[in-house]
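Order of the sequence lines fixes the chain letters, A, B, ..., with proteins taken first and strands second; residue numbering starts at 1 for each chain.
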Amino acid sequence: MAVAAVHTSGGIADHIHPEPQGFIRRYVFSIDHKIIGIQYLITGFVFLVLAGLLAELIRVQLMNANGGFISPDTYNEIYTMHGSAMVWLVIIPIVTGGFGNFIFPLQLGARDVAFPWLNMLSFWMFPVAGLLLFSSFLLGAPVAGWTEYPPMSLQGGVGTSMWCVAIFLVGVSSTLTGMNFMVTILKMRAPGMTFTRMPLFVWAQLATAPLSMVATTALAAALAALFMERQFGIPFYDPARGGSPVLWQHMFWFYSHPAVYIMILPVFGIISEVLPTFARKPVFGYKLIAFSSVAIALAGFMVWAHHMFTSGLAPYLQLPFMILTFTIAVPTGVKIFSWMATLWGGKIHYTTALLFAVGFLALFTFGGVTGIFLAAVPFDLHAHGTYFIVGHFHYVLVGGSLMGIFAGMYYWFPKFSGRMLNETIGKWHFWLFFVGFNGTFLPMHWLGFLGMPRRVAEYDPQFQMWNRVESVSSFIMTFAILLFFINMFVSMRNGKKAGPNPWGGRTLEWMIPSPPHYYNFKNIPTVYALPYDFSEPLPYKGLEDELNDKPPAQLAGAHH
Amino acid sequence: MAVASAALDAQHHEPVDQLYAETRDMRLIGFLFFLFSDVVLFSSFIFAYLYLRNSGQGWPPQGVPRPDVALAALNSAILFGSGATMHYALENWKHGKFFRYAGFMIATIILGAMFLTGQVVEYTALYTKEHVTWGGSGIFGASFFTLTGMHGFHVLVGVFYLITLLLQSVHGVYSKDKYFGLTAGTLYWHFVDVIWVVLFSIFYLI
Amino acid sequence: MDIAQIERILAIAGGVIVAVVSAIALKNDWKTPGLDNTVFKVMLALLCFGALLAIFAGAGFLGTFPKAA
């Protein structure tokens, strides 16, 4: 019991679940946060492929000005499903459920999340919701875009109601995950890990969790009302019966603007881990990065109506929403500059993960700047509903979130699987993706300026040349993602063995074997300082036995 | 849970209580977060109601009467009374007075059921006398029946929840020191009360 | 005396009882520490406020009454 003398509170930190027995308990209905995280990642990537193929159908259709590949009705279904699936079934589950579940309890020095059973429940709602959403194709998928504005969404087929139920389910899952993460971060930090010693990825999750909790519940109300109106004829949104379509826009954007930060804040966390590790340098402005996440999360609740400048919003409301939206650029800019200062003068290792992180910096900043354009009322009135918007949000969601997800995958794949991803394929993946991405989405900005409306199956022939450039570039991007999946499949079995800490990372997840034991840590470590001071010795005590064959003290005690 | 606590129990007693105390704290915070998200759900519908009410059609809309304040005031007093009895149920449990606890619990359950009965009476009166329905009375039906119905559903769930807790405590699930389930039940019931304070004000008083 | 008046009198009586009882409970609990008790105190205060609303509504100070049938 000598090792246990390091830390024996006898509390939750020393508690180890019984080892899961059998395939089902171990890999299917697992309560282990690491398995659940990987389940989220796999499911999310499956939906990424499906929603990505939908995007390619859109691009094939737009090769010709007069379309002709699919009918306009099918086209409506396809872009609606592409947007809904990408937001709710790909990015949000991957960045919160996937990376969040796997990484942050390890970084906290915890053995699991606060409520493991609830975690399993949240996960299993997500594939069910995904299947429900995609099966709406069989009954006439929703056609009103991922925002489902009434009155159009009141006129669609049964699929729209299925859309409501599916998104409601993902929402409940996301809310439960948010609560679970909040409690975990508040109560399960390793001894000595004060809030200002937490890794930045944990800070990012801490800022995201309340957004998932509060905003998603508001969305649940909006969806429930839409469902009731469609199925039972309860007049909330139909103007002919006294309801208000603008009410939906308020309720929807009160969720969906914070949702933008649910999609990006965890990615900020990933970037904040990747950059210092590969620059071999303490992260610049730790507290600035940490607190600006919280500031963004709080401010995110006060800007939703900037999506509604063309919906007849009163001018005295437009101005404050415009100014508040501008102010969000301040904490975001603080982050961007802190990351650049982290790289500055560092001994940079050009790994694939770092390339993706730097690519993220460039592309996300670009998308952020066009976001500032759009926050200005006069500009927004001009660009609203054009391809400029499409270009803008693909820069922040694909160039931002998806690039960050790839950075995180190349960084943590060794921890997930115990094997390295192939760096050569990885670099091909990065460069093809980067070029294909810009070729696809950059021309959208000027097409938007020239007045090409979004969500149309056919368009003016003068836009055809740039649309063809976009389509060809999008095929390159898809090929790059194909390379990524090939890389994962090959490396899972044949990749180089990673060892516990292939990158020389300093956060707690790198101190234990890859993949970690089901109990994570043999002894809960004590934390003395921030993890990022590369010139100092590691600020942990009690990790001596992590890499040898001794069983943890609790299990050894149980045998005697 | 059983394996690890048994292992620790074999050594000395204190760690088990430590585990309970920490688990209790986490469940308390988690439960409060759950209630908070429920508050957000209600707030969203309340926002929708106030938005529609102020959308320039006048309130109540043409052909719809105001709901009956007298019945609602009585019903509110009943529900708030159940909040007070619930509070004393928990207080008595903390002091180990089981029979007084059980009496207050039963009183709470009965008062909750009375509130639901009152709501059924109110809905029936609205439907038979004034022909007000959920879907057929414009934004009044939509907001009034959705919000009060949602609240009524929470009360119904709460009544069954309290019955479960009472049965559990009879079967010795909770002890004088370890009674988090009862704390959670009390929190939930208070939450249902407090939501009604808001709904009562916005539907009947303004 | 019609039903509405009986309801109003009962509402006032019930409201008074609840307001007094919850105020006493709040006073007794005032110094209990702990997160759960803090929440209980807020809840009791709101309960007391709600009971006052019920009294005022019963007494006719608040809320508009439907026309006598």
Tell me whether the count of non-hydrogen atoms from other residues, nucleotides or ligands lying under 6.0 Å of CZ in B:Phe98 goes above 12. yes

Is there a side-chain contact between C:Met43 and B:Asp193 (heavy atoms, below 4.5 Å)? no

Ranking C:Gly15, C:Ala25, C:Gly14, C:Ser22 by heavy-atom pairs under 4.5 Å to chain B gives rank one to C:Ala25

Grab the two heavy atoms, one from B:Ala70 and one from C:Ala4, that are nearest each other, plus how far apart they are. CB-O, 3.7 Å

Euclidean distance, C:Leu47 CG relative to B:Ser82 OG, rounded to 0.5 Å: 8.0 Å

Under a 4.5 Å heavy-atom cut-off, does chain C meet the side chain of B:Thr186, its backbone, both or neither? both

To the closest 0.5 Å, what do you measure between CD1 (B:Ile195) and CG (C:Leu46)? 10.0 Å

For a 4.5 angstrom cut-off between non-hydrogen side-chain atoms, does B:Tyr88 reach C:Val21? yes

Approximate separation, where rounding is to 0.5 Å, of B:Asp68 CG and C:Glu7 CD: 5.5 Å

More than 12 non-hydrogen atoms from neighbouring residues, nucleotides or ligands closer than 6.0 Å to OH on B:Tyr174, yes or no? yes

Side chain, backbone, both or neither: which part of B:Phe200 has a heavy atom under 4.5 Å from chain C? side chain

Atom pair CG/NE2 of C:Leu26 and B:His87 - distance to nearest 0.5 Å: 8.5 Å

Specify the closest pair of heavy atoms between C:Phe40 and B:His190, including all atoms of both residues, with the distance to one decimal. CD2-CD2, 3.6 Å

Per-residue contact mode, B:Leu90 against chain C (heavy atom under 4.5 angstrom): side chain

Interatomic distance, C:Leu62 atom CG to B:Tyr204 atom OH [nearest 0.5 angstrom]: 14.5 Å

Do other residues, nucleotides or ligands put more than 12 heavy atoms under 6.0 Å from B:Arg100 CZ? no

Max heavy-atom pair count under 4.5 Å with chain B, selected residue of C:Leu44, C:Ile17, C:Val39: C:Leu44

Under 4.5 Å from any heavy atom of chain C - which part of B:Ile78: neither

Shortest non-hydrogen contact from C:Ala57 toward B:Val69: CB-CG1, 4.0 Å

For C:Phe49, which atoms come within 4.5 Å of any heavy atom of chain B: side chain, backbone, both, or neither? side chain

So for B:Leu71, is it side chain, backbone, both, or neither that comes closer than 4.5 Å to the heavy atoms of chain C? both

Once you round to the nearest 0.5 Å, how far does CG of C:Leu53 lie from OG of B:Ser201? 4.5 Å

Under 4.5 Å between any side-chain heavy atoms of B:Glu91 and C:Asn28, yes or no? no

Residues B:Asp25, C:Leu35; criterion side-chain contact (heavy atoms from CB on, under 4.5 Å); working and verdict: CA-CA 9 Å; B:Asp25 275 3; C:Leu35 178 62; over 6 Å; no

Taking all atoms of both residues into account, what is the closest heavy-atom pair of B:Ser76 and C:Ala54, and its distance? CB-CB, 4.4 Å

